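Predicted model only: the values in this text are computed from it and were never measured. Below, each value reflects all heavy atoms present in this structure, side chains not excepted, and no hydrogens, waters or symmetry copies.
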Amino acid sequence: MTTMFFQSGASPVHRLNPTTKLVMALAVTTTAFAIPVVWAPLVLLLVVLVPAVLVAGVQRPYARLLLLFSAPVVLVIFLLQGLFFPEGTTVLAEFGPATVTSEGLLFAAQTSLRLVVMLGSFLFLLLTTHPGVLMSAMVERGMSPNTSYVISATLQIVPAFRARAQNVLRAQQARGLDTTGLRRRVRALLPLVGPLLLGSLADLEERAVAMEARAFGSTTRRTSLVAVADSSAQRWARLLMGAAAVTAIVVNVLGVVR
């Protein structure tokens, strides 16, 4: 499995049990979506994620990847919700059929911040956690190997496709495919998609055969040769983060914060 996003290091964050970072990513994402306050996701980003990223020493790839993945999504959200928000009443500007409303901009800002926090949470996990170690840690915690593999593989879908796409593109360039300029890059998409999908399907088949040969689906309890470090402090931290996320959901359901 590709580890394209993982940045090795010896920071305290890298030494944390992978399940602690997974619970943190889930708790931060859940809290960001649960609290119906515009600035709540921004606070989580600045108070929780940014300090953790700085301690891990992965701020450069983190900022680059977060901007790369979130910028197009945020732009589309503001264009759609800012100009065509159906429930908007406070008109700020009109451009023919498009109307800019304060309610639309507010909704776009809240949705964008939530998505940025979600992307930032799992980018932090990917940059500081080796997928193999994450899978081993989840199995040690009692999760089935199949479920652990699905979670680990899901987190690696984007880097896996990106790496494969780059390999296909380099191979096509070596055969004379010209990708200079925007128009030629657009034309190169079709020759890229076919080999990318076929290669991904072939890779899935090879993995399925290899996993079956290794009795991956066996229900027998496994013994790991590598013990993933954990501590009582981290176990308590995971419980507290889970409790915080559940509290945020309850607060949202009860309408305490508006």
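Between the Lys21 side chain and the Val13 main chain, a donor and an acceptor come within less than 3.5 Å of each other. Under the 3.5 Å distance criterion, the side-chain polar atoms of Arg238 are left unmatched by any main-chain donor or acceptor of Thr19. Here the side chain of His14 pairs a donor or acceptor atom with the backbone of Gln7 at under 3.5 angstrom.
Cluster annotation: Leu75 is connected to Phe69 through the hydrophobic network of ILVMFWY side chains, with a link wherever side-chain heavy atoms come within less than 4.5 Å. Linking ILVMFWY side-chain heavy atoms closer than 4.5 Å, directly or via other members, places Phe6 and Leu16 in two distinct hydrophobic clusters. With hydrophobic clusters built from ILVMFWY side chains whose heavy atoms lie under 4.5 angstrom apart, Leu45 shares a cluster with Val55. Both Leu42 and Leu54 belong to a single network of hydrophobic side chains, linked directly or stepwise wherever heavy atoms of I, L, V, M, F, W or Y lie under 4.5 Å apart. There is no path of hydrophobic side-chain contacts, each under 4.5 Å, that joins Leu67 to Tyr62.
In this structure, Val47 and Pro51 approach most closely via the heavy-atom pair O-CG, 3.2 Å. Considering every non-hydrogen atom in both Val117 and Pro41, the closest pair reads CG2-O, 3.1 Å. When all heavy atoms of Ala108 and Gln81 are compared, the pair lying nearest together is CB-CB, 3.9 Å. Across Ala40 and Ile35, no two heavy atoms sit closer than the pair CB-CG2, 3.7 Å. Considering all non-hydrogen atoms of both residues, Ala229 and Asn17 come closest at O-ND2, 2.9 Å.
Side-chain contact between Phe122 and Leu26 is present, with heavy atoms from C-beta onward closer than 4.5 Å. Counting heavy atoms from C-beta on, the side chains of Val73 and Ser112 never come closer than 4.5 Å. The side-chain heavy atoms of Val74 and Val116, taken from C-beta on, include a pair separated by under 4.5 Å. Leu125 is not listed as a side-chain neighbour of Met24, based on a closest heavy-atom distance of 4.5 Å or more. Side-chain contact check for Thr111 versus Phe78: every heavy-atom pair is 4.5 Å or farther apart.
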Practice task
Kindly determine whether Leu66 and Phe124 satisfy side chain to side chain contact (heavy atoms under 4.5 Å, CB included), including the steps that lead there.
Solution key: CA-CA 10 Å; Leu66 184 60; Phe124 163 74; over 6 Å; no
Exercise for the section: Would you sort out whether Leu44 and Arg114 count as a side chain to side chain contact (heavy atoms under 4.5 Å, CB included), showing the intermediate values? Expected result: CA-CA 10 Å; Leu44 289 170; Arg114 285 172 170 174; over 6 Å; no
Exercise for the section: Could you check Met241 against Thr20 for side chain to side chain contact (heavy atoms under 4.5 Å, CB included), going step by step and ending with a plain yes or no? Expected result: CA-CA 9 Å; Met241 287 186 289; Thr20 302; 4.1 Å; yes
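Listed by first and then second residue, the side-chain hydrogen bond (donor to acceptor under 3.5 Å, both in side chains) pairs involving residues 24-44 amount to none (not counting sequence neighbours).
Of the inter-residue distances, the one linking Asn252 atom CG with Thr247 atom OG1 reads 12.5 Å to the nearest 0.5 angstrom. To the nearest 0.5 Å, atoms CG (Leu123) and OG (Ser70) are separated by 9.0 Å.
Side-chain heavy-atom separations under 4.5 angstrom define the hydrophobic clusters, and the remaining members of the one that includes Val76 are Leu80.
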